[in-house]
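Just so it is clear, the values below take in all heavy atoms, side chains as well, and ignore hydrogens, waters and symmetry mates. Naming convention: chains lettered A, B, ... in sequence-line order (proteins, then strands); numbering from 1 in each chain.
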Protein chains: 2
Amino acid sequence: MKLGRKLTQEAVEAQLEEAGVSPTPQRVEIARILLSQPQHMSAEDVLVALRKAGAAASKATVYNTLRLFAQCGLLRTVIVDPAKVFYDSNTAPHHHFYDVEAGTLTDFRAEEVQLTRLPDLPEGAAMDGVDITVRVRAARPEK
Amino acid sequence: MKLGRKLTQEAVEAQLEEAGVSPTPQRVEIARILLSQPQHMSAEDVLVALRKAGAAASKATVYNTLRLFAQCGLLRTVIVDPAKVFYDSNTAPHHHFYDVEAGTLTDFRAEEVQLTRLPDLPEGAAMDGVDITVRVRAARPEK
DNA sequence: CTTAATGCAAAGGCTTTGCAGAGAC
DNA sequence: GTCTCTGCAAAGCCTTTGCATTAAG
């Protein structure tokens, strides 16, 4: 199902160093899990995936690492669920479907929406980015 | 500054009953604060405003009431800050500017964006709504 | 009298922080 | 030896829940 083959250790280390973070073993492991393909994971998800991969890191390290990666632009944070933050390894311009019942995120490319006009920004404000969240739920089974 | 005159108690009670919630004193007070004008408040904000208005309610009641109002469609929840939920008393179609530094929300009407095309929904999904968040930050003072 | 709402305190979940120990250069 | 990273546990926030008390019909 999930076919993102693991990245080579070298590739990941290079990517981390390019982003300006020293490639410690824990960080490399987290990067290999998260950056191997575009996906959305919570800190808890990462923790579980690490254990499953036989490579543990402490909760604190996972949280710190995810925050660090997000600051460096390796990941994007997605705020759609009041209970937890999602980290998105897709750094290409895109937006999200959010299944409000399942709590799952799905990407769609930025080109798939046509945002023809944007509102005037408030006085003295500079645009930082635009997030579009399309909330969806399972369609009622067609009768 | 904040000129939303308080709604009459009768008007608020009518609004609550129309929404199907019994107008208890605490709920009426919360409604008078929040529904008097379009605004964004966190639970804590409401608690503070209540005290300032000389009408207290317990923390539990405030949280429960806000959740209840949101379920009834009197309020919308806005998820942009991982730390807390905002309740939005503007029920007209609109989206938000979010000042990522100040943590403040500003509305803009839905007609101010032109969302010409929407992506195809995932298989078996029904649209529930679209939220557009324009992240902004204070423009660097023009040199 | 029965049902619903309030409020206090406790519990809960996610995230951050303090600080000692381990590792890298 | 110095600086950085790790990890455990504790602390912090926001929010929800349990349950006794109070109010309402």
Less than 4.0 angstrom between a side-chain N/O of A/Tyr63 and OP1 or OP2 of C/dT15, yes or no?
yes
Have A/Asp107 and A/His95 got a donor and an acceptor in their side chains that come within less than 3.5 Å?
no
Take A/Lys84 and B/Thr61, find for each the nucleotide of DNA chain C with the closest heavy atom, and name the residue whose nucleotide sits nearer the 5' end.
B/Thr61
Would you tell me if any nitrogen or oxygen in the side chain of A/Arg67 comes within less than 4.0 Å of OP1 or OP2 on C/dT15?
no
Just by distance, no angles: are the side chains of B/Arg27 and B/Ser22 close enough, under 3.5 Å, to form a donor-acceptor pair?
yes
Rounded to the nearest Å, what distance is computed from the CD1 atom of residue A/Ile30 to the P atom of nucleotide D/dC5?
13 Å
Look at the side-chain N and O atoms of A/Thr24 and state whether any lies under 4.0 Å from the OP1 or OP2 oxygen of D/dT4.
no
D/dC8, OP1 or OP2 - any side-chain N/O from A/Ser58 closer than 4.0 Å?
no
Nucleotide C/dC8, atom P - distance to CG of B/Leu47 in whole Å:
11 Å
Integer-rounded Å distance: C/dA10 C1' and B/Lys59 NZ
12 Å
In terms of side-chain heavy atoms of A/Ala60, which of D/dT15, D/dA9, C/dG7 is nearest?
D/dA9
What integer distance in Å separates A/Leu68:CG from C/dT17:P?
14 Å
How many whole angstroms separate atom CD of B/Glu44 from atom C1' of D/dT15?
12 Å
Would you say the side chain of A/Arg76 lies within less than 4.5 Å of the side chain of A/Thr91, judging by non-hydrogen atoms?
no
Could you tell me if A/His40 and A/Asn90 have a donor-acceptor pair between their side chains, going purely by distance under 3.5 Å?
no
Does a side chain donor of either B/Thr61 or B/Asn64 reach within less than 3.5 Å of an acceptor in the other side chain?
no
Just N and O in the side chain of A/Ser22: are any of them under 4.0 Å from OP1 or OP2 of D/dC5?
yes
From CG of B/Leu16 over to P of D/dA24, roughly how many Å is that when rounded to an integer?
16 Å
Provide, to the nearest angstrom, the distance between the CG atom belonging to B/Asp45 and the P atom belonging to D/dT15.
10 Å
Specify the separation, in whole Å, of atom CG of A/Asn64 and atom P of C/dG18.
11 Å
